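Quantities reported herein were computed from a predicted structural model and do not represent experimental measurements.
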Amino acid sequence: MAKKILPVTKSRAWMALIDHKKSIGRQHLRKLFSDDPGRGERMTAKASGLFLDYSKNRITGQTLKLLIQLAKESGLKNRIDSMFNGEKINVTEDRAVLHIALRAPRGTKIMVDGKNVIPQVHEVLDRMADFSIRVRSGQWKGHTGKRIRNVVNIGIGGSDLGPVMAYEALRFYSERSMTFRFVSNIDGIDFAEAVRDLNPEETMFIVSSKTFTTMETMTNAQTAKEWLLNGLGGDTRAVAKHCVAVSTNEQKVTEFGIDTANMFGFWDWVGGRYSMDSAIGLSTMLAIGPEHFHAMLNGFHEMDEHFRTAPFESNLPVLLGLLALWYNNFFGVQTIAVLPYENYLKRFPAYLQQLTMESNGKHVTLDGKKVNYNTGPIYWGEPGTNGQHSFYQLIHQGTRMIPCDFIAFVNPLIKVGRHHDILLSNVFAQSEALAFGKTPAQVRAEGTSEWLVPHRVFEGNRPSNVILADHLTPDILGKLVALYEHSTFTQSVIWNIDAFDQWGVELGKVLAQRIIPEIEGKGSPKLNHDGSTNNLIQHYRKNKKLN
Ligand code: G6Q
């Protein structure tokens, strides 16, 4: 049972923040900057290669002091220690939460149920490395003796979003003679399009599923097996050369027909959305090689250590988490945009959506009480500058406040003419325009007709963070992901919710199961849903073509 604690809204810091918001809430960033020009340099923090400028937030030194006080009163330090010590902080599933162990160096000791988990982590990493080297070098041969050139990861949710995001993010470092694809959706189109130009003789499937029971993944895996057997003459021995599994469920892997020699394991203390640096990252390692994969793990670890040890005042994940919470709970903000100005990070917002929204989309506290405050905000985003030509309009001139995280790199991985300077100019210009806007006087001074002035005014006072790093490396990617993981955890601690369960996702996994036989069954099955669902099922049955 979770320990009972006072509702956060009754804490001294929370109440002080409500008062404080009344005094600072209306102050414009223009004034905050003109009163204190030094904040642009002062309200920044650096940690292991990441530079955070949070000066364009609607805060003062006092806001920060109170937010940090709130973190302290919420017991954040103890909760961080509990996580790092392997305590079962995922209370509803009675599990430890140890993604940090996946990137802890050899020789570290982290105990779960009396057992040090680090040796098994490194044993799996070593097997992954050995396997990756054999596949990448062509030493591993397919059933007909050809080398593997195509790798298809089959998985969904946490067993997909991390691998896709990391592959896209680190494509620059990937083995270009190989093709990587990702199949997640139960929609057969996903599979069909992924394999349409692939030769089964040169194709390997990684079936990634923690439970090895997820309907989408198991259906896609079965289809993959059939596709392979069709293409390879029907010899079932081909499966061993073309299918490997990543799972915690040895029994189900064996039942599916994959030899456990070709299985890479992980553990129940790794949540799906926190698993990209476990064996779920096998496709990443195949793409970028073990050395780069280890560099990514080191990046994660460095950010873990920063989170664990740095004072809250200069702790990047804590600051980011507190700022998100400030808007979420004291300004009624509903969404936060994450806007990477780096095309390789195009799947980063989608990845963060799962990380943040599955973790903090909760309505009860650890001890089961309904919360009377908002928990996880909606995270969304697109890479810049594309977003500027669509939804930024609403961020600049709409009626809602949408705090933005801009992520950018000082140096490009590939220098193409002047592109990078122009790209970065856009980052700085956007965050400047959001904060300072354009006053009616400025619009008039441009010679604008009076009736048009209101349309061309930008109120400004719209907050943003800018996160900069030198250039996108595996190490920096690890740091960025860990930054958001720990920022998400920071928020969950203050809201006193379980960031590591996902009962809503579990519900989705069983709901469709009931309808499948009603859709596929012969005759006219008796339907016991509501009127609308019954009607939709009937409509589908009546109109679907038999073949
Ligand atoms: C992640 C969630 C969920 C999960 C998928 C796939 O935290 O639990 O997104 O990753 O449902 O589950 P399996 O890996 O078990 O197939």
Query raised in the report: Are Ser132 and Leu282 close enough, and set up right, to give a side chain to side chain contact (heavy atoms under 4.5 Å, CB included), and what steps lead you there?
Result: CA-CA 8 Å; Ser132 301; Leu282 186 60; 4.2 Å; yes
Quick check on [X]: does its [atom1] atom have over 12 non-hydrogen neighbours (other residues, nucleotides or ligands) under 6.0 Å away?
X	atom1	result
Arg176	CZ	yes
Lys225	NZ	yes
His389	NE2	yes
Glu250	CD	no
Arg134	CZ	yes
Gln251	CD	no

Less than 4.0 Å between a side-chain N and a carboxylate O, is that true for [Y] and [X]?
X	Y	value
Asp126	Arg106	yes
Asp113	Lys115	no
Glu358	Arg273	yes
Arg181	Asp197	yes
Arg95	Asp501	no
Glu202	Arg147	no

Query - CA sep, side-chain torsions, deciding dist, call: Val112, Leu98, side chain to side chain contact (heavy atoms under 4.5 Å, CB included) - result: CA-CA 9 Å; Val112 178; Leu98 277 178; 3.2 Å; yes
Query raised in the report: If you take all heavy atoms of Leu477 and Ala166, which pair is closest and at what distance?
Result: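 So the two residues come closest at CD2-CA, 4.1 Å.
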Query raised in the report: So, for Asp190 and Ser184, which heavy atoms are closest and what is the spacing to 0.1 Å?
Result: OD2-N, 2.8 Å
Query - Geometric cation-pi criterion, Arg171 with Tyr344: 6.0 Å, 45° - result: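 No, a cation-pi geometry is absent between Arg171 and Tyr344.
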Report task. Kindly confirm or rule out a cation-pi arrangement of Lys88 over Phe500, judged by NZ or CZ under 6.0 Å from the six-membered ring centre and within 45° of its axis? Result ->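 No cation-pi geometry.
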**Report entry** Partners passing side-chain hydrogen bond (donor to acceptor under 3.5 Å, both in side chains) against Thr217 (at least two apart in sequence or in another chain)
**Finding:**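 Thr217 satisfies side-chain hydrogen bond (donor to acceptor under 3.5 Å, both in side chains) with no other residue.
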Report task. Using the side chain to side chain contact (heavy atoms under 4.5 Å, CB included) rule, take Leu366 and Ile89 through it: C-alpha gap first, then chi angles, then the decisive distance, then the call. Result -> CA-CA 10 Å; Leu366 289 170; Ile89 62 167; over 6 Å; no
Examine the side chains of [X] and [Y] and answer whether a donor and an acceptor come within less than 3.5 Å of each other.
X	Y	result
Ser208	Asn153	yes
Glu291	Tyr173	no
Trp503	Thr92	yes
Glu201	His242	no
Glu175	Ser177	yes
Asn90	Glu93	yes
Asn298	Asp475	no

Query raised in the report: So how far is it from Leu352 CG to Tyr484 OH, rounded to the nearest 0.5 Å?
Result: 6.0 Å
Requested in this report: Calculate, to the nearest 0.5 Å, the distance between atoms CD1 and CG belonging to Ile407 and Leu468 respectively.
Outcome: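 Between Ile407 CD1 and Leu468 CG, I get 10.0 Å after rounding to 0.5 Å.
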Query raised in the report: How about Met357 and Ile378: do any of their side-chain heavy atoms sit closer than 4.5 Å?
Result: yes
Report task. Under the salt bridge (Lys or Arg N to Asp or Glu O under 4.0 Å) rule, collect the residues that match up with Arg103, sequence neighbours excluded. Result -> Asp277, Asp304, Glu485
Query raised in the report: With sequence neighbours left out, what residues match His486 under ring-ring contact (aromatic ring centres under 6.0 Å, His included)?
Result: Phe307
Requested in this report: Check Asn528, Asn534, Thr533 against Asp530 for a side-chain contact (heavy atoms from CB on, under 4.5 Å) and give me the one that passes.
Outcome: Thr533
Query raised in the report: Could you go step by step and tell me if Asn426 and Gln388 meet the side-chain hydrogen bond (donor to acceptor under 3.5 Å, both in side chains) rule?
Result: CA-CA 9 Å; Asn426 275 280; Gln388 288 175 209; 2.9 Å; yes
**Report entry** Donor-acceptor contact below 3.5 Å, side chain Lys479 vs main chain Val481
**Finding:**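 Here the side-chain-to-backbone pair does not exist.
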Report task. Can you label the angle between the Trp380 ring and the Phe391 ring as parallel, tilted or perpendicular, going by 30° and 60°? Result ->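 Correct class here is perpendicular.
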